[in-house]
There are 2 protein chains.
Amino acid sequence: MENRTQTSLIALRRILRATELNARTLARATGLTTPQLIVLEIVAAATRLTPKDIAARAGVGQATATALVDKLEARGLVTRTRGEKDRRVVWVAPTEAGLEMLKAAPDPLQRTFSKQFEALPDWEQAMVVAALEKVGAMLNAGTIDASPLLDVGAVDRK
Amino acid sequence: MENRTQTSLIALRRILRATELNARTLARATGLTTPQLIVLEIVAAATRLTPKDIAARAGVGQATATALVDKLEARGLVTRTRGEKDRRVVWVAPTEAGLEMLKAAPDPLQRTFSKQFEALPDWEQAMVVAALEKVGAMLNAGTIDASPLLDVGAVDRK
DNA sequence: AAATTTCATTCGCTAATCAAATCATATTTT
DNA sequence: AAAATATGATTTGATTAGCGAATGAAATTT
């Protein structure tokens, strides 16, 4: 019974796999790619923000954010407006069409999850929440102090 | 309790985020990109297999698998050999250097997770396993759970 | 022997991503 | 005020990933 670690790792992978597949399906359904959809969600959630903010929230570079906004703008899902007070900034906002798109194609994975989660008995909901938070904490603990470990480095450095 | 759904979704996102960051860090440490590393892991776990197998296990097209093997071969991490019996097939196998690379830079996320998981009291291990499996099942309920595709190397291979 | 299937690879194309350079507009210093 | 510096967005140039269709080579089937 020692490979519970294995079992949990497999379960984790299955979760990752499911979300990955979901992203692709969703992308195909909306005609948008995953990164584009993420940006659209970010924009819609904030009602108005700059490319720099988008980059920070999406975890990509500014150049990439600009490129993604280009795509969305070309599709009429977001608009760009020069800042009045500071003309260097650009405000990106969702259009009606953009909001519609999100409403029409809500994240099916989230939907499925929510629906099933809410159907669980109370004790099981509590268990799932506790376990997920535990796992999240464990993984994040790793990322933070794993830096030295990661620099096993020079493996391929020149 | 509407809130618990939210909480669990947030926890899930945190887990996804952690794994994503991990992939990037790891890629940087090894000098390989994430897909390349995945392929290398698959190859190393199987000791010898065809591009077709790789494609199936990595969940990408055959053409993409070929391209990734190209990169790894150019770096001297894997070798290609024509099949003796059936000359259409190509056997891809890890080189010493390839195995070294994986040994030198093992997946830190898995490491951290395993370590912390094993430190948990028995009841909590059981809870985490149960919850992760539950979540996996819930997420997969929506999609068609392609079992062969789940066969992603290292972790779940003997 | 001819047709079909099966693999791997190549080709053309799109998308994501980054770093560095560029351009326009503040803000700060001298 | 003029010059220097800083900031924000974009452009440019490059690499990587990925797909589908076409190609080529080697079985296998008819």
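Numbered from 1 within each chain, the chains take letters A, B, ... in sequence-line order. Not measured: the values here are computed from a predicted model.
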Short side-chain to backbone donor-acceptor contact, A:R82 and A:R87, under 3.5 Å: yes
On a heavy-atom basis, which atom in B:V39 and which in B:V69 lie closest, and how many Å separate them? CG1-CG2, 4.5 Å
I need the A:T66 OG1 to A:K71 NZ distance, nearest 0.5 Å. 12.0 Å
Interatomic distance where CG belongs to A:D86 and P belongs to C:dC23 [whole Å]: 20 Å
Counting C-beta onward and ignoring hydrogens, is there a side-chain heavy-atom pair between B:L102 and B:E41 closer than 4.5 Å? yes
Given DNA chain D, 5'-ward residue of the pair B:V60 and A:D70, judged by closest heavy atom: A:D70
Quick test: give all pairs of protein nitrogen or oxygen and nucleotides 12-14 of chain D nitrogen or oxygen below 3.5 Å, distance rounded to 0.1 Å.
none

Distance check needed: D:dT10 P versus A:L72 CG, whole Å only. 13 Å
Exam field: side chain A:R4 to backbone B:Q125, donor-acceptor pair closer than 3.5 Å: no
Are B:L40 and B:V60 in one and the same hydrophobic cluster, where Ile, Leu, Val, Met, Phe, Trp and Tyr link if side-chain heavy atoms are under 4.5 Å apart? no
Do B:R48 and B:D53 sit within salt-bridge range, that is, some charged N less than 4.0 Å from a carboxylate O? no
Do B:T30 and B:L37 come close enough that some side-chain heavy atom pair is under 4.5 Å? yes
Need to verify one output field. Residue with the more 5' nearest nucleotide on DNA chain C, A:K71 or A:E84? A:K71
How does each nucleotide of nucleotides 3-8 of chain C score, in 5' to 3' order, for protein heavy atoms under 4.0 Å: base (B), sugar-phosphate only (S), or none (-)? ---BSB
